[in-house]
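Quick caveat, the model's predicted, so the values are computed rather than measured. Counting from 1, the numbers follow the sequence of the chain as shown.
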Amino acid sequence: MASVSGPTQTAPVPASPLQRGIVKMVLSGCAIIVRGQPRGGPPPERQINLSNIRAGAIARRAAQGQPDTKDIPDEPWAFQAREFLRKKLIGKEVCFTVEIKTAIGREYGMVYLGKDTTGENIAESLVNEGLATVRREGIRGNNPEQARLCELEDQSKASKKGMWSEGGGTHTIRDLKYTIENPRNIVDSLHQKPINAIIEHVRDGSVVRALLLPDYYLVTVMLSGVKCPTFKREADGTETPEPFAAEAKFFTESRLLQRDVQIILESCHNQIILGTILHPNGNITELLLKEGFARCVDWSMAVYTQGPEKLRAAERSAKERKVRIWKDYVAPTANLDQKDRQFVAKVMQVVNADALVVKLNSGEYKTIHLSSIRPPRNEGEEKNKDKDKRFRPLYDIPYMFEAREFLRKKLIGKKVNVTVDYIRAATSPGEGTPAFSERTCATVTIGGINIAEALVSKGLATVIRYRQDDDQRSSHYDELLAAEARAIKNGKGLHSKKEVPIHRVADISGETQKAKQFLPFLQRAGRSEAVVEYVFSGSRLKLYMPKETCLITFLLAGIECPRSSRNTPGGMQMAEPFSDEAMLFTKELVLQREVEVEVESMDKAGNFIGWLHIEGVNLSVALVENALSKVHFTAERSAYYKALVSAEEACRQKKEKIWANYVEKPVEEVVHVSEEKERVANYRPVYVTEITDTLHFYAQDVETGGQLENLMETMRAEIAAHPPVEGSYSARRGDYCLAKFADGEWYRARVEKVESPAKVHVFYIDYGNREVVSSTRLAAMPPAFSTRTLPVQATEYTFAFIQVPQDDDARADVVDCVVRDIQNSQCLLNVEYSGATCPHVTIQFGDTKDDVGLGLVKEGLVMVDVRKEKHLQKMVTEYLNSQESAKSARLNIWRYGDFRADDADEFGYRR
C-alpha cells in the first residue's frame, strides 16, 4: 500500500535502524537538523522532517539583489511551533527513524526525545498542542502512528488549542524587522542594558545573527574585542575557511545557536553592531579566547564592557598553552630568563620622552624604552622650516620638554619595577626612516603607577597602533588606549586645541660674546638653580638654567679632573687614568638632577667656571674625596679650599685611585728642571700649505702625507660613484663636511660661520685655507673619511722670537716674503715654546737648513721678541745680534733708525 506521510515521488525505505544525534537547530515546526558527536572537527549533520504532520512556514526574507521578490511573513502559529520545538529540543539528544527518503534526498521520519522510542514523540506533542496538522490523505487503517496522530488532533480541536483557538491566529504573526535605519540610535537608547535575544544563525565564531526580543529586530552582532578565523568568499562564490574557522564556528554554534541569551549592545561600527553575548553557562567571548579560537582586536576592545583585562588574560592563557591558532606561538620574551624579564632598577637618565637609562643591581647600565607609546614629534616638514637654525628636539618639538620633565621629576634617582614586554629587533635605514638599534621595550611602574599610562593620560605621548597579528606590544595595552581616549576627551597636552607651548632656550655654550654679557648677571645672582642636561667629563657639564631659559657649559672650579679622550688638531688624545670613573661618578650624582651653581668666572672659550651643589654636597669636594680629582691652585682664594685640601690629603695618604702611584718627590719635577737647562732641537719635516696675514702658517706632517693622499683618492672616487644631491646638506657651525674648492675638487672642511645658505664660511682642515661658499658646494662627510679615520692634517704655527710690524705695508712685505720663500714647499720645523693660540716654532729651509725667521730679522723685515727662558737665551742672542746688524745697515723697517725709541708704547711696540 502507498504511504500517506510524504510528498509525491517518494519511495518507502526498508525499516531503518534507530539512529541517535543531538539537535543542532530547529528549522520550523516540522523540520530539525541533527548532528553527530564531534571527532577531531565539526561533526556530520542531517535534516529530519517529521512524518505525517505539517506546521506553518517560518517567515523568509526577500532574495537580495532581486527587487521583484518580497519578504514572506510567518504563517499563523508557525513561530510558536518553532519555539515549542526549540525550547524542547535544542542541544538535547534524540533518536529517530527514517521512513521515507525523496528523490532529492529529503528525509522523513519519527523523532523521539531521549535515547529510545520510549521517549516523547515530538510529532504527537506538536499535534496535541495544536501547533501542527495531521496529513490525513491516504490514511492506512493498519498504521497505529497515523491513527494516534488523528486522535490527538481531534482532541486538540475539541479543546481549541493553538491554531484551533478562536481568532484565526493573526496575532501570532511576527512583525520582523530585517534592517535598522539607524542602529547607533538603538544601541545608545539601550544604555548598555542586557536585552533578551535568540541566536538565529552563526556566520563564524565571532559573528552571529540575533533576533532581539520583544521587538523582533533581526540584527548582525559582532563580538566586541575579539575576532575568530573567518570563511573567505572566493570569486566563484565558494568559501575557503581559514585555519580553525570551522572549529571556531562549531564551538559557538554548539553553545549559542537558537539558545535564549542576553546581549549587551555596546557600539556600532559601519552598521555592524558590536556586543557581548551573555549565556547562563558563561561569556562566549572569553571562552573563545581561552580555547584558542579567537584573538583580541584593539579597535573593538575599547567598547567591551566586561573588563578588557579578562580578555587579555584569556588570550594569554591560550598562548601559554599553545592551543589551536596559537600552536606555533613564540612569546616575545621567550628567550629571556625570568630575572631579565622582571627586575628592579634605578633610573639614571631620561632619554627624550619614551626611554630611560637604568642601573641594574649588578651595576650594569641598560636603556629601556616604554612599551607601545610614541613621544611627541613634529608633523610634516615643520622641523625643516628654518634650516639656518639648529634643530633641538627637546625644545623645538611641542610638548617634548614637558614630557621629559614629567619623567625626570618623577623618576630620576628612584627605583622602579621593570617588566620587559618585548625586544624590538634592530632595523636598517629605509626611505625617510632612520635606523634603530635593538630596543628593549618594557612596562615601568613606580608605586603601582604605570609610567607610560600616566604619560599618555596627560597627553604627553600617544599610543602606537599595531597590525592585528603583531604581538610585540605592552602588557597593559588596553589601559594605554583607555588613557589616550581620556586625554583626547579632556583635551590634554598633544590633544589640546590651545596654542602649543614654545620654549625659546638660548644656547650660549661656546658663544664667547654672549657669555661675557651674561657673566656679571650670574656672578651677582649668587646661587642659581639649574638642571644638569649633559655630562661631558667629570668636571665639565652642560646646564639648563630655568629662570634664565638658557643652556651653558659649566666647568667645576678648584679641581683638576682627569681628561677624557678627545680629538685634537694633532690627533686623538688618549684618556687619562680614571677619567671614565670620574665621569661616571658625576653622572650618577648629578645628571638630570636639580642643582645650585655659583659662577665665579669664565674661560676664553665662553665656558663658565664655578661651584656646583646638589643636596648640600659640593661636587668639586666630592670628586676630590673619592680620589677622582686633584686640587687646583686656583682654589686657594675660595671658601672651599680647606675642605678640598683636607679631602685631597686623606686620599693621598690612602693612595687611592689617582694617588695610587704618588710619591713625595715626583719624578716629573726633576725631569722638568733638566729640560730647562738647554734647548732641545728636534726638527721634523713638514709641508707648508697656507700663510695668513698675521704671519701664522699651516703645515702638514710629511710622515702622514701618504695617508692623506690615499684618503683623498678614495674619497673622490666615492663621490664620483655617488655624487651628493646639490643643496641637500644643511650647514651648521662647527660641523665637519665636504666642500668643493675653486679647482672643482672636494676637500674635507669645517663650517665656521653660516650667514645664509649662499654664504657659508668654511675652513679646509687639511690645508689651512678659508673660503666663503654656497651651501650647494657642500656635502655631508661620510664616516669613512671623518677625523676619526684620519685626524686634521693642517696644524697652525707661528714664528718664535719674532714680533711682526704693526704697520700694514710693512706687515704685507713680510707676509709676501714668507709666501715666496716657503709656501707649498717642504721645510724643517722645531717647536720652541707654546703660545696662547698655537705653538711658536723655528723653521728651516729644506735644502740649506737656514733659519727662515732669522733671515727675516737679518733683512730688517721684523723685530725680535725677547724671551726670558734660560734655555732659549742662546737663540735670543743670535736673533738680537742679527737685528742690530739690520738696524746698523738701516734695512727696511730700520731705514729711518730705531723708531721704537720715544713713542713705542703709543704705537704698540715694545723693546
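- Proximity of Phe554 to Val599: side-chain heavy atoms (C-beta onward) are separated by under 4.5 Å at one or more points.
- Nearest heavy-atom pair, Ala515 versus Gly606, reported as atom, atom and distance to 0.1 Å: CB-O, 3.6 Å.
- One side chain, Glu832 or Thr842, offers a donor N or O that lies under 3.5 Å from an acceptor on the other.
- At distances below 3.5 Å, at least one donor-acceptor pair connects side-chain atoms of Arg392 with backbone N or O atoms of Val505.
- Smallest separation of non-hydrogen atoms from Ser528 and Leu522: OG-CD2, 4.2 Å.
- When the shell of 6.0 Å around CD of Glu745 is examined, it contains more than 12 heavy atoms from other residues, nucleotides or ligands.
- Rounding to the nearest 0.5 Å gives a distance of 5.0 Å between OG1 of Thr689 and CD of Gln700.
- Smallest separation of non-hydrogen atoms from Ala794 and Asp766: CB-C, 3.4 Å.
- Residues Tyr698 and Asn769 have side chains that never bring a donor and an acceptor to within less than 3.5 angstrom of each other.
- Without hydrogens or angle criteria, Asp354 side chain to Pro375 main chain gives no donor-acceptor distance under 3.5 Å.
- The backbone N or O of Lys740 lies less than 3.5 Å from a partner atom in the side chain of Arg777, making a donor-acceptor pair.
- More than 12 heavy atoms of other residues, nucleotides or ligands lie within 6.0 Å of CG in Asn824, so this atom counts as buried by the packing criterion.
- By the 4.5 Å heavy-atom criterion applied to side chains, Val597 and Met545 are counted as neighbours.
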Apply salt bridge (charged side-chain N to carboxylate O under 4.0 Å, His left out) to Glu511 and Arg733, showing your working. CA-CA 11 Å; Glu511 298 275 357; Arg733 186 171 65 84; 3.0 Å; yes

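- No donor-acceptor pair closer than 3.5 Å links the side chain of Ser774 to the backbone N or O of Ala758.
- The minimum heavy-atom distance between Ala731 and Val751, with the atom names listed, is CB-CG2, 4.2 Å.
- A 6.0 Å sphere centred on OH of Tyr534 holds no more than 12 heavy atoms belonging to other residues, nucleotides or ligands.
- The closest donor-acceptor contact from the side chain of Asp701 to the backbone of Glu703 lies at 3.5 Å or more, if one exists at all.
- Shown here are the ring-ring contact (aromatic ring centres under 6.0 Å, His included) partners of Phe608, two or more places apart in sequence or in another chain: there are none.
- Using bins of under 30°, 30° to 60° and over 60° for the plane-to-plane angle, the ring pair Phe741/Tyr747 lands in the perpendicular bin.
- No hydrogens or angles considered: a donor-acceptor pair under 3.5 Å links the side chains of Glu796 and His696.
- Expressed to the nearest 0.5 Å, how far CG of Leu738 lies from CD of Glu718 amounts to 10.0 Å.
- For the side-chain hydrogen bond (donor to acceptor under 3.5 Å, both in side chains) with His761, the qualifying choice from Glu771, Arg770, Glu755 is Glu755, the only one to do so.
- Separating the CD1 atom in Ile397 from the CZ atom in Arg377 is a distance of 10.0 Å, to the nearest 0.5 Å.
- One finds the CG atom of Asp809 at 13.0 Å from the CD1 atom of Ile893 (value rounded to the nearest 0.5 Å).
- Judged by distance alone, with hydrogens and angles left aside, the side-chain atoms of Thr848 form no donor-acceptor pair with the main-chain N or O of Phe845 at under 3.5 Å.
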Any chance you could lay out the side-chain contact (heavy atoms from CB on, under 4.5 Å) test for Tyr879 and Leu854, step after step, and finish with the verdict? CA-CA 6 Å; Tyr879 270 63; Leu854 187 60; 3.7 Å; yes

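- Taking all atoms of both residues into account, the shortest heavy-atom contact from Ser537 to Ser564 is CB-OG, 3.8 Å.
- Aromatic rings from Phe799 and Phe801 are positioned such that their centres are separated by 6.0 Å or more.
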Derivation and outcome, salt bridge (charged side-chain N to carboxylate O under 4.0 Å, His left out), residues Arg750 and Glu752: CA-CA 6 Å; Arg750 184 177 70 244; Glu752 293 193 318; 3.8 Å; yes

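- Residues His632 and Ile559 are not in side-chain contact: their nearest non-hydrogen atoms beyond the backbone lie 4.5 Å or more apart.
- Here the straight-line distance linking atom CD1 of Ile508 with atom CD of Gln517 works out to 9.5 Å at 0.5 Å rounding.
- Considering only heavy atoms from C-beta on, Phe518 stays 4.5 Å or farther from Met602 through its side chain.
- Side-chain contact between Glu594 and Arg408 is present, with at least one heavy-atom pair separated by less than 4.5 Å.
- Checking Tyr466 against Ser372 by side-chain atom types alone, a donor-acceptor pair falls below 3.5 Å.
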Please test Ile802 against Asp865 for side-chain contact (heavy atoms from CB on, under 4.5 Å), starting from the C-alpha separation and ending with a verdict. CA-CA 5 Å; Ile802 279 179; Asp865 182 17; 5.7 Å; no

Test side-chain contact (heavy atoms from CB on, under 4.5 Å) applied to Ile464 and Ile373, step by step: CA-CA 5 Å; Ile464 297 171; Ile373 69 165; 5.8 Å; no

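- With Gln523 contributing its side chain and Glu600 its backbone, the two residues share a donor-acceptor pair below 3.5 Å.
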Evaluate the criterion side-chain contact (heavy atoms from CB on, under 4.5 Å) for residue pair Val350 and Ile412; output intermediate values, then yes/no. CA-CA 8 Å; Val350 176; Ile412 284 294; 4.2 Å; yes

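- Note: Tyr395 and Phe401 have tilted aromatic rings, judged against thresholds of 30 and 60 degrees for the angle between ring planes.
- Counting heavy atoms from C-beta on, the side chains of Thr462 and Leu494 come closer than 4.5 Å.
- Within the 4.5 Å cutoff, the side chain of Asn607 has heavy atoms near those of the Arg540 side chain.
- The number of heavy atoms from other shown groups lying within 6.0 Å of CD (Glu529) does not exceed 12.
- Listed for the Asp603 side chain is a donor-acceptor partner under 3.5 Å among the backbone atoms of Ala605.
- Distance alone, capped at 3.5 Å, is enough to place a donor-acceptor pair between the Thr586 side chain and the Ala582 backbone.
- A centroid separation of 6.0 Å or more is found between the aromatic rings of Tyr764 and Tyr767.
- The two atoms that bring Phe536 and Met583 nearest to each other are O-SD, 3.2 Å, heavy atoms only.
- The aromatic rings of His840 and Tyr833 sit parallel, their planes meeting at an angle under 30°, below the 60° perpendicular limit.
- A heavy-atom distance below 4.5 Å is found between the side chains of Leu612 and Leu543.
- Atom OG1 in Thr714 sits 11.0 Å away from atom CE in Met712 (nearest 0.5 Å).
- Residue Glu533 is tested with Arg593, Lys587, Arg404 for a salt bridge (Lys or Arg N to Asp or Glu O under 4.0 Å); the sole match is Arg404.
- Between the side chain of Asp507 and the main chain of Ile552, no donor-acceptor pair closer than 3.5 Å is present.
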